[in-house]
Amino acid sequence: MTEPLLDIRNLCVDFGPASKPLRVAHNISFTVGAGETVGLVGESGSGKSMTALSVLRLVPEAARLSGEILYGGRDLLALPKRDMPEVRGKEIGMVFQEPMSSLNPVMTIGAQIEEAILLHERMPAAERRKRVIDLLRLVGMPDPEARVNAYPGQFSGGMRQRVMAAIAMACNPRLLIADEPTTALDVTIQAQVLAMMLDIRDRLNSAILLITHDLGVVAEVCERIVVMYAGHVVEDADVHTLFSRPRHPYTQGLLQSVPTLTDTRKRLYQIPGSVPPAGTITQGCPFRARCPKRLDRCAVEMPPMVTQGPSHRAACWATAMEAVA
Amino acid sequence: MAKYVLYRLGDAIPTLFLVLTLVFIAMRILPGDPALAALGPMADPVQLALFRERMGLNEPLPLQYIYFLWDAIRLDFGRSFISDVPVADLIARNLPHTIYLTIVSVLMGLCLGIPFGVFAATRRNRPPDNALRIYSLIGYSIPDFYLAAILLIVFSLQLGWFPINGAGTGFWDGLHHILLPAMTLAMLKSAFMGRLTRTSVLEVLGRDYVRTARAKGAREGRVIYRHGLRNAMLPLSTGIGISILATLSGSVAVELVFNRPGIGRLLIDAISERDYPVIQAGVMMFAFFVILVNLVMDVVYVFVDPRIRMKS
């Protein structure tokens, strides 16, 4: 297998004092191959956004990162802080969850897209201006020549998310991280924005790391899915395997709680209980309190990620037993 | 844009009119007879009557009001009771000094305060931030006449770097004379503006679009000045407006300590001598400045924040 584009190894994110750290991400490990679309799925508070922000080291100042984040073989966590701007925007672009507040309200959208180019590439102003228009066209902005001088306040959420995508794609990054890009949008607009992102991926051949809690979205656009629960990666599989043969009880619960048209159940399935707050589980599997398959061992030791098949890993004592048996 | 300015200007006219009316009423209900105040308690009754006749004080109030408005529109404020010089001349002689002091001290205050505030905001709860906190506390608490006296003693009397009093003649001499009084005011202003900048910048740096700027690959300096400060300018420009007004009307102590001519001094003298025409003109002039500065600030907002432009 060729070297993956992004290889996260044992990433931990800690807050609070070093003597009594509050760990919100535990030994996160997964990869994104060149041109691959990977979904990072989990409930709110599962640490998926923190993981995504860690890649660009945009986590809050109080957060401490450890482990390795290899991008093209280089460890981003070991880079001097002053070298990070070279990576951000140029190598890795990022689209954020909140299109309403993620754009600077006092700069025209054209100036904001232009800035992304300006920071990494030298070219004549006229050419740069043309590139901005091209980018706006790429993300499906109607009448880009006129809209380029408009302010974010003059756009709807969906249009702003297109502008965000244009900013993220301005320097043709090889990896695009999209943190819940469609969550704040209407359903019809969600589909448009997703279609736009896939279109961009196909044209520029970038890899995408899509962070979402929406299983419908990942089923539609991703090739591989990484499931997170309470700061742990619990399952990692290609999309067909994950939907047909989920191995972790949490993933199984998630899939059961998705309504379908052919559903005959009276009531939608729900996983009992709620996600434990970060720091409350210090030992064993964080899902055990809600797990229908829990064993005695689950309370003592965190299950490791066990290979369940080709490109399929899960962290569960119960299914690890089944796999062996 | 022009429409917005005209609209704001239209707003200012009723305000100005209201102020004039209030001044008129205030001057009429003040205890004491203006004629007596002007000529003194020893004045001859005939002279008093003559004075009342000349000043139109015997006319019915509505007529007095109309005369008053007409005079105000023509900028005819009468003559000083004390020096018998036209009030307009007195103001024309003193106002430029106050405006000059205001401009220089506000500029100096901004040049000190904004970098202080940004520096502290980006080093929150670390020594530079605490240093600004102490500086601001001193700046807020120290009386202006006291600071003025200290600076005067140290830099003029002991070190001899600056002239002791007066306004000087010509540009360079004038600048030499204004530096110390302006510095006094600027130190007080920078305490206020530094604090304000720190708060606004801190607030803005926590916003999502600042994170977007970082995600684009912008370096810290660019993030702070391009994205942070520009957005922090809105609350800051309000502070600057307040500061300009405060200096126009509140630099009396500094003018007194440095023995500079100025509008604050003119007014204080007029009040202690019951020089009604001068007081009246001064009050109207300050009201006019308040309206003018607010108008200018409203227009500045529009330039700083496109969202206001879109709504209007």
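Throughout, a chain's letter reflects where its sequence line sits, starting with A, and its residues are numbered from 1. Computed from a prediction, not measured in an experiment: that's the story for all the values here.
Across A:L118 and B:R222, no two heavy atoms sit closer than the pair CD2-NH2, 3.6 Å. The nearest pair of heavy atoms linking B:A215 to A:L58 is CB-CD1, 3.6 Å.
For A:L53, the part lying under 4.5 angstrom from a heavy atom of chain B is the side chain only. At a 4.5 Å heavy-atom cutoff, A:M100 makes no contact with chain B through either its backbone or its side chain. Contacts between A:R82 and chain B at a heavy-atom distance below 4.5 Å involve backbone atoms as well as side-chain atoms. Residue A:L119 touches chain B through its side chain alone, counting heavy-atom pairs closer than 4.5 Å.
Residues A:S101 and B:Y209 form no side-chain contact, since every pair of their non-hydrogen atoms from C-beta on lies 4.5 Å or further apart.
In this structure, the separation between CZ on A:F96 and OG1 on B:T212 is 5.0 Å, given to the nearest 0.5 Å. We find the CZ-CE distance between B:R230 and A:M107 to be 8.0 Å, quoted to the nearest 0.5 Å.
Looking only at heavy-atom pairs under 4.5 Å with chain A, the residue among B:R226, B:R211, B:R207 that has the most is B:R211.
More than 12 heavy atoms of other shown residues, nucleotides or ligands fall within 6.0 angstrom of atom CZ in A:R64. Sparse packing is recorded around OH of B:Y7, with 12 or fewer heavy atoms of other residues, nucleotides or ligands lying under 6.0 Å away. Counting heavy atoms of neighbouring residues, nucleotides and ligands inside a 6.0 Å radius, atom CZ of B:R123 exceeds 12 of them. Within 6.0 Å of atom CZ in B:F288, 12 or fewer heavy atoms from other residues, nucleotides or ligands are found, so the atom counts as exposed in its surroundings.
A donor-acceptor pair shorter than 3.5 Å can be found between the side chains of A:E115 and B:H227.
Between the side chain of B:K216 and the backbone N or O of A:Q112, at least one donor-acceptor pair lies under 3.5 Å.
Between A:E86 and B:R219 there is a salt bridge, since at least one side-chain N of the basic residue sits less than 4.0 Å from a carboxylate O of the acidic one.
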